[in-house]
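Take a look at the structure set out below.
Note on naming: letters A, B, ... go to the chains in the order of the sequence lines (proteins, then strands), and numbering restarts at 1 for each one.
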Number of protein chains: 2
Amino acid sequence: MARDSSATKARILEAAFDEFAAYGIAGARVDRIADTAGANKRMIYVYYGNKEQLFDQVILRAVEQGAESVPFDAENLPRYAGAIFDHLSADPRLMRLLMWKRLERPEATALEAESYARKTASLAAAQREGHVDPAHDPADLLTLVLGLAQAWYTTAGGGADAARHRAAHRAAVVDAVARLVEVREAA
Amino acid sequence: MARDSSATKARILEAAFDEFAAYGIAGARVDRIADTAGANKRMIYVYYGNKEQLFDQVILRAVEQGAESVPFDAENLPRYAGAIFDHLSADPRLMRLLMWKRLERPEATALEAESYARKTASLAAAQREGHVDPAHDPADLLTLVLGLAQAWYTTAGGGADAARHRAAHRAAVVDAVARLVEVREAA
DNA sequence: GTCATGTCAATAACTGGATAGTTACTTGCT
DNA sequence: AGCAAGTAACTATCCAGTTATTGACATGAC
């Protein structure tokens with residue numbers, strides 16, 4: 001039993017990810033997190049303050065990792081949507097975690113607000129340059145693209161045998177976004 | 001204080017809707033539901049069994065009302081998506097309630113499975129008849145349409161000033177679905 | 001080298017408040 | 001009277017957060 005505080009911190013964070021993804025904030029049990037982490041409950045309070053702050057840390061890490069592995073690409077939105085789809089497919093806990101966050105901690109963080117603003121701005125630019133149909137407001141377009149990329153995880157479609165058709169679902173998302181952003185000649 | 005059991009039942013159900021939409025199952029407080037309903041806590045247990053069963057009843061009523069006021073229309077999916085959008089706009093509690101359900105009671109009920117099957121079947125028919133592009137599997141298409149219709153409520157786009165742009169958002173949804181189902185000549 | 005000292009990591013047992021569900025009782029209607 | 005509706009007070013459990021204490025390791029004095 002080496003005494004390694006950063007390893008303990010990391011184990012707690014990982015266990016908390018599991019627990020929060022499964023039960024949300026209200027349903028999560030601090031004792032269970034401590035057990036799963038193989039750590040003492042007290043350390044959770046030492047390292048993270050309380051249950052809510054621990055949740056915030058879990059979210060923060062997930063968002064950072066997401067931003068890192070799925071860079072925004074205003075000029076190729078179908079590909080961006082496909083990348084989001086892949087990212088969500090890779091870990092089923094992720095979408096659940098984000099849904100809990102929307103329900104239990106809906107306040108947009110500064111980080112999120114800033115990332116949102118950056119995306120809409122670069123989307124507007126892509127529209128001016130003719131890569132994306134300018135029919136919709138950039139913010140609206142972003143919402144629609146995200147809605148499509150997440151559709152399998154926010155609706156009943158993501159049921160039992162979803163894994164077997166993953167490739168087809170992904171292709172459907174990519175195609176749907178392609179149709180959405182396709183530049184049309186003025187009628 | 002008239003003694004009217006069905007009125008008490010209804011008040012409890014309405015208060016439970018409020019409470020569950022706000023806090024989910026784990027976060028909901030039975031005492032608070034009783035207070036809001038102006039009913040005695042005991043009556044909740046008499047009429048509904050326990051907290052989970054009460055939640056199930058709230059969901060059941062919401063789903064029934066939804067099915068009633070938003071009939072599926074495979075031959076005009078943009079309109080269907082618009083109707084879903086309107087239905088969700090009319091009561092912000094609704095989408096929250098459905099999200100809690102996905103997270104806390106994910107099992108698909110028989111009712112839901114049946115309604116899902118009916119929709120995909122009639123969608124397949126609409127594709128054969130040329131009303132809907134047959135590029136995608138009907139089940140996938142349904143998922144995408146729902147993803148679009150709910151996009152403002154499942155993503156960060158549904159923030160503060162969303163109400164002011166509701167009409168524009170609705171139009172965006174309808175247009176996005178129109179593009180999605182548009183029949184294309186074979187390339 | 002080894003022993004005292006300070007510091008950080010970790011633990012088990014506890015506390016106080018909350019909370020789902022119950023019991024025993026009262027009220028009002030017919 | 002008799003039954004259904006309603007009530008208040010209770011219980012047993014659970015659970016977030018705390019307290020008091022022990023164990024590990026490094027540093028430096030001698």
How many Å lie between [atom1] on [X] and [atom2] on [N], as a whole number?
| X | N | atom1 | atom2 | answer |
| --- | --- | --- | --- | --- |
| Asp31(A) | dA12(C) | CG | P | 12 Å |
| Glu19(B) | dT19(C) | CD | C1' | 12 Å |
| Tyr45(B) | dT11(D) | OH | P | 17 Å |
| Met43(B) | dC25(C) | CE | C1' | 14 Å |
| Asp35(B) | dT7(D) | CG | P | 11 Å |
| Ile33(B) | dG21(C) | CD1 | P | 11 Å |
| Asn40(B) | dG6(D) | CG | C1' | 6 Å |
| Arg32(A) | dC15(D) | CZ | P | 7 Å |

Pairwise 5' ranking along DNA chain D for Arg42(A) and Gly27(A), keeping only the more 5' one:
Gly27(A)
Among the candidates [options], find the nucleotide nearest to the side-chain atoms of [X].
| X | options | answer |
| --- | --- | --- |
| Tyr47(B) | dG21(C), dA16(D), dA5(D) | dA5(D) |
| Lys51(A) | dA10(C), dA16(D), dA20(C) | dA16(D) |
| Val30(A) | dA9(C), dA16(D), dT19(C) | dA16(D) |

If you define the side chain from C-beta out and look only at heavy atoms, does anything of Leu77(B) sit under 4.5 Å from Leu123(B)?
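Side-chain contact under 4.5 Å: yes.
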Respond yes when some side-chain nitrogen or oxygen of Thr8(B) is under 4.0 Å from OP1 or OP2 of dA5(D), and no when none is.
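So the side-chain polar atoms of Thr8(B) never come under 4.0 Å of the phosphate oxygens OP1 or OP2 of dA5(D).
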Is any side-chain N or O of Arg29(A) closer than 4.0 Å to OP1 or OP2 of dC15(D)?
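So the side chain of Arg29(A) is within the cut-off, an N or O lying under 4.0 Å from OP1 or OP2 of dC15(D).
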Taking NZ, NE, NH1 and NH2 as the nitrogens, is one of them in Arg93(A) or Glu14(A) under 4.0 Å from a carboxylate oxygen of the other?
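Yes, this pair counts.
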Would Asp31(B) and Arg29(B) pass as an ion pair if we require N to O under 4.0 Å?
no
Assigning hydrophobic clusters by single linkage (Ile, Leu, Val, Met, Phe, Trp, Tyr; side-chain heavy-atom cutoff under 4.5 Å), is Val70(A) placed with Tyr153(A)?
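Yes, it is one cluster - the side chains of Val70(A) and Tyr153(A) are joined through contacts under 4.5 Å.
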So, for Arg184(A) and Asp133(A), which heavy atoms are closest and what is the spacing to 0.1 Å?
N-OD2, 3.1 Å
Look at all strands and tell whether Ala26(B) reaches a base, only sugar-phosphate, or nothing, counting heavy atoms closer than 4.0 Å.
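Ala26(B): no heavy atom of the nucleic acid under 4.0 Å.
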Just call it for Ala28(A): base, sugar-phosphate, or nothing, with non-hydrogen atoms closer than 4.0 Å on any strand.
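The answer is sugar-phosphate, as Ala28(A) gets under 4.0 Å only of primed atoms, P, OP1 or OP2.
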